[in-house]
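Note that these values count all heavy atoms, side chains included, but never hydrogens, waters or copies made by symmetry. Residue indices begin at 1 and follow the sequence shown. None of the values given here were measured: they were computed from a predicted structure.
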Amino acid sequence: MKAIMVVGTTSHAGKSLLTAALCRILCRRSWRVAPFKAQNMALNAYVTANGGEIGYAQAVQAWAAGVLPLVEMNPVLLKPQGDMTSQVIIKGKAVGKVSAVEYYEQYFDLGWQAVKESLQRLSEEFDLLVCEGAGSPAEINLKHRDLANMRVAKYLNAATILVVDIDRGGAFAHVVGTLELLEPEERALIKGIVINKFRGQRSLLDSGITWLEERTGIPVLGVIPWIDNLFPAEDSLSLMERRTSKTHSDINIAVIRLPRISNFTDFDPLEAEANVTVNYVNPQDTLGHPDAVILPGSKTTIADLMLLQKTGMAQAIQNYAAAGGTILGICGGFQMMGKIVADPEGLEGESGRYRGLELLPVKTVITSQKIARQRVVSSNYPQVGLPVSGYEIHQGRTRLIQPEEGETLPYKPLFDDASLGIVDLNQSVWGTYLHGIFDNGPWRRSWLNHLRQQRGLPSLPTGVSNYREQREALLDALADTVETYLNITPLLTF
């Protein structure tokens, strides 16, 4: 199997972005290429067509390669739960919840078997794999049980790139130190070094590059300038670094940055709107007076709900709603907005019943059976009949609490499948299980126009494309930039 491996000296060195760029570059050169990440730890997940979960970054890389995402592209996915445990997903299906020690005892061998089976499956369909590592390949205390880095590179005999983030400083030490800690057979696979996130005058780097090549005997294949992220890093730490470049926007949306926020990729299409500013608000912060508040997905709904109550953010959200503000909850956020969240089996921690934000007349029961599936439905609000596609990932069942006799609840199904969410008749309080809802251009614009009307602003055109077309343009732009600064020819001498 022909393969290129991308490893980094540190986390956030730019492996995901470079992998996506290589997938698009090679696709444009007529290679039948696929991305691969053996083991990923992330709360941003995507559901494939067959209902399997993979890291969202691998889905983006698959789209960059011009192919459909498959579970084999990320055979092991770990989703941290906040109590020193993670949910283990193997080949798309949840198989358990374990601590780090338990994972290596119970799932390491099973995980490596899934990796090998996935590589075999991909080799039957694709000409070339672009594989992404995780963190650093030189963590000496973890190397013997590292599924994601040089174990894969050696198994595939992959031409390997070592990427370093020069923006954080210490780049040359990171490169030399990483190489020193690799075994000789691992180091022999490193065919090139890539310096990423460079800002400044390129000529000032030349002497350092000459020294590095002479010291390591490995060529520097490229110096890639700073590129704004096209999609989020795999954990929520990246949200703390986000800064808006917009000097003015009509609509301000606050997304509550929950401790275990998941699928914050849901908001990429909103951030791409020129007239919208998305701010991530910590539970300890002041909510302010945004045009809308979004409660995002969460891997641990109950723990994050209790934190909102403890910090006072729950009361601030309730006050905001009482004053007529617009609130939308997605997945875990939808569950929090109800009257009760019950966890009879203690799947998220201690068993019990917990009071929700009481913004929607629903009750959620956390269950062991996980729902993961793609959906295509038709909207009832804010405009009737709009086609909406997305995906569900949740372990709760949410139902409408039946009204008292003679009582009429002012809530209606959001879609033609009522199980996916509800909205009040004022269109102020929204709740849905559908991830990717804002990817749908006409629906997104209709929802934003409702906010604009409240501000007395003119409506925006709703006949716009879905976000995937913008994403395609962004991936092309990424590939154009990387191709300008990176020499990939030495990697293709199979």
Next item on the list: Flag the pair Met150 / Pro137 as yes when at least one side-chain heavy-atom distance between them is below 4.5 Å, and no otherwise.
Entry: yes
Next item on the list: Could you tell me whether the side chain of Asn44 and the main chain of Asn263 form a donor-acceptor pair under 3.5 Å?
Entry: yes
Note to self: Using every non-hydrogen atom in the two residues, find where Leu122 and Met1 come nearest and quote the distance to one decimal.
What the structure shows: O-CE, 4.3 Å
Item checked: Main-chain N/O of Val60 paired to Tyr46 side chain as donor or acceptor, under 3.5 Å -> no
Item checked: Val278 vs Phe264 side-chain heavy atoms within contact, under 4.5 Å -> no
Checklist line | Check: Leu119 and Leu129 side chains under 4.5 Å, non-hydrogen atoms | finding: yes
Next item on the list: Return yes if some donor-acceptor pair links the side-chain N/O of Asn149 with the main-chain N/O of Ala138 below 3.5 Å, else return no.
Entry: no
Notebook entry, point to check: Do other residues, nucleotides or ligands put more than 12 heavy atoms under 6.0 Å from Tyr485 OH?
Noted result: no
Next item on the list: Start with the C-alpha distance between Leu162 and Thr9, add both sets of side-chain angles, then the distance that settles side-chain contact (heavy atoms from CB on, under 4.5 Å), and finish with yes or no.
Entry: CA-CA 7 Å; Leu162 180 62; Thr9 57; 3.8 Å; yes
Next item on the list: Compare all side-chain heavy atoms of Lys37 with those of Gln61 and state whether any distance is below 4.5 angstrom.
Entry: no
Notebook entry, point to check: Do the charged groups of Arg121 and Glu125 touch, with an N to O distance under 4.0 Å?
Noted result: yes
Item checked: Donor-acceptor under 3.5 Å (Ser136 side chain, Thr10 main chain) -> no
Margin query: Please check: side-chain N/O of Glu348 versus main-chain N/O of Thr301, any donor-acceptor pairing under 3.5 Å?
Written below: yes
Check: Do Arg145 and Tyr104 meet the cation-pi criteria used here (NZ or CZ under 6.0 Å from the six-membered ring centre, within 45° of the axis)?
Finding: yes
Item checked: Cation-pi geometry met for Arg471 and Trp63 (6.0 Å, 45°) -> yes
Checklist line | Residue pair Val95 / Tyr107, side-chain heavy-atom distance below 4.5 Å | finding: yes
Notebook entry, point to check: For the atom pair OG1 (Thr300) and CG (Leu258), what is the distance rounded to the nearest 0.5 Å?
Noted result: 8.5 Å
Margin query: Between Leu414 and Val377, does the side-chain contact (heavy atoms from CB on, under 4.5 Å) criterion hold? Intermediate values first, please.
Written below: CA-CA 10 Å; Leu414 183 52; Val377 290; over 6 Å; no
Notebook entry, point to check: Under 3.5 Å, is there a donor-acceptor pair between the side chain of Asp343 and the main chain of Gly352?
Noted result: no
Item checked: Minimal non-hydrogen separation, Cys27 against Ala65, with atom names -> SG-O, 3.3 Å
Item checked: Pair Gln374-Ser389, side chain to side chain donor-acceptor pair (under 3.5 Å): steps then yes or no -> CA-CA 8 Å; Gln374 293 186 0; Ser389 62; over 6 Å; no
Notebook entry, point to check: Taking the side chain from Arg32 and the backbone from Asp127, do they hold a donor-acceptor pair closer than 3.5 Å?
Noted result: no
Next item on the list: Could you label the plane-to-plane angle of the Phe267 and Phe438 rings as parallel, tilted or perpendicular, counting under 30° as parallel and over 60° as perpendicular?
Entry: tilted
Note to self: Please report the interatomic distance CD(Gln284) to NZ(Lys310), rounded to the nearest 0.5 Å.
What the structure shows: 9.5 Å
Margin query: Looking at Ser298 and Asp304, would you say the former's side chain and the latter's main chain have a donor-acceptor pair under 3.5 Å?
Written below: no
Next item on the list: Start with the C-alpha gap between Ser86 and Tyr103, add the side-chain angles, then the distance that decides, and say whether side chain to side chain donor-acceptor pair (under 3.5 Å) holds.
Entry: CA-CA 9 Å; Ser86 293; Tyr103 169 70; over 6 Å; no
Note to self: Tell me whether Asp439 is salt-bridged to Arg468, with the criterion being a basic N under 4.0 Å from an acidic carboxylate O.
What the structure shows: no
Checklist line | NZ/NE/NH1/NH2 to OD/OE distance under 4.0 Å, Glu53 and Lys370 | finding: yes
Margin query: Give me the atom names and distance for the closest heavy-atom approach of Leu205 to Ile166.
Written below: CD1-CD1, 3.7 Å
Next item on the list: Check each of Leu287, Asn282, Ile294, Ile261 against Ile256 using the side-chain contact (heavy atoms from CB on, under 4.5 Å) test, and report the only one that passes.
Entry: Leu287
Check: Checking side-chain contact (heavy atoms from CB on, under 4.5 Å) for the pair Lys339/Ile401: CA distance, chi angles, key distance, verdict?
Finding: CA-CA 9 Å; Lys339 292 181 177 292; Ile401 296 174; 3.6 Å; yes
Check: Is there a side-chain contact (heavy atoms from CB on, under 4.5 Å) between His435 and Ile330 once you walk through the steps?
Finding: CA-CA 7 Å; His435 290 293; Ile330 300 177; 3.8 Å; yes
Notebook entry, point to check: Is there a donor-acceptor pair under 3.5 Å between the side chain of Asn196 and the backbone N or O of Ala13?
Noted result: yes
Note to self: Does Leu68, at its CG atom, have more than 12 non-hydrogen atoms belonging to other residues, nucleotides or ligands within less than 6.0 Å?
What the structure shows: no
Check: When you look at Asp167 and Arg199, which way does the salt bridge (charged side-chain N to carboxylate O under 4.0 Å, His left out) test go after all the steps?
Finding: CA-CA 7 Å; Asp167 187 62; Arg199 312 188 205 222; 3.1 Å; yes
Note to self: Test your reading of the model: is there a side-chain donor-acceptor pair from Gln58 to the backbone of Pro69, 3.5 Å cut-off?
What the structure shows: no
Notebook entry, point to check: If you take all heavy atoms of Gly396 and Tyr433, which pair is closest and at what distance?
Noted result: O-OH, 3.5 Å
Next item on the list: Salt-bridge test for Glu472 and Arg24: reply yes if a basic N is under 4.0 Å from a carboxylate O, no otherwise.
Entry: yes
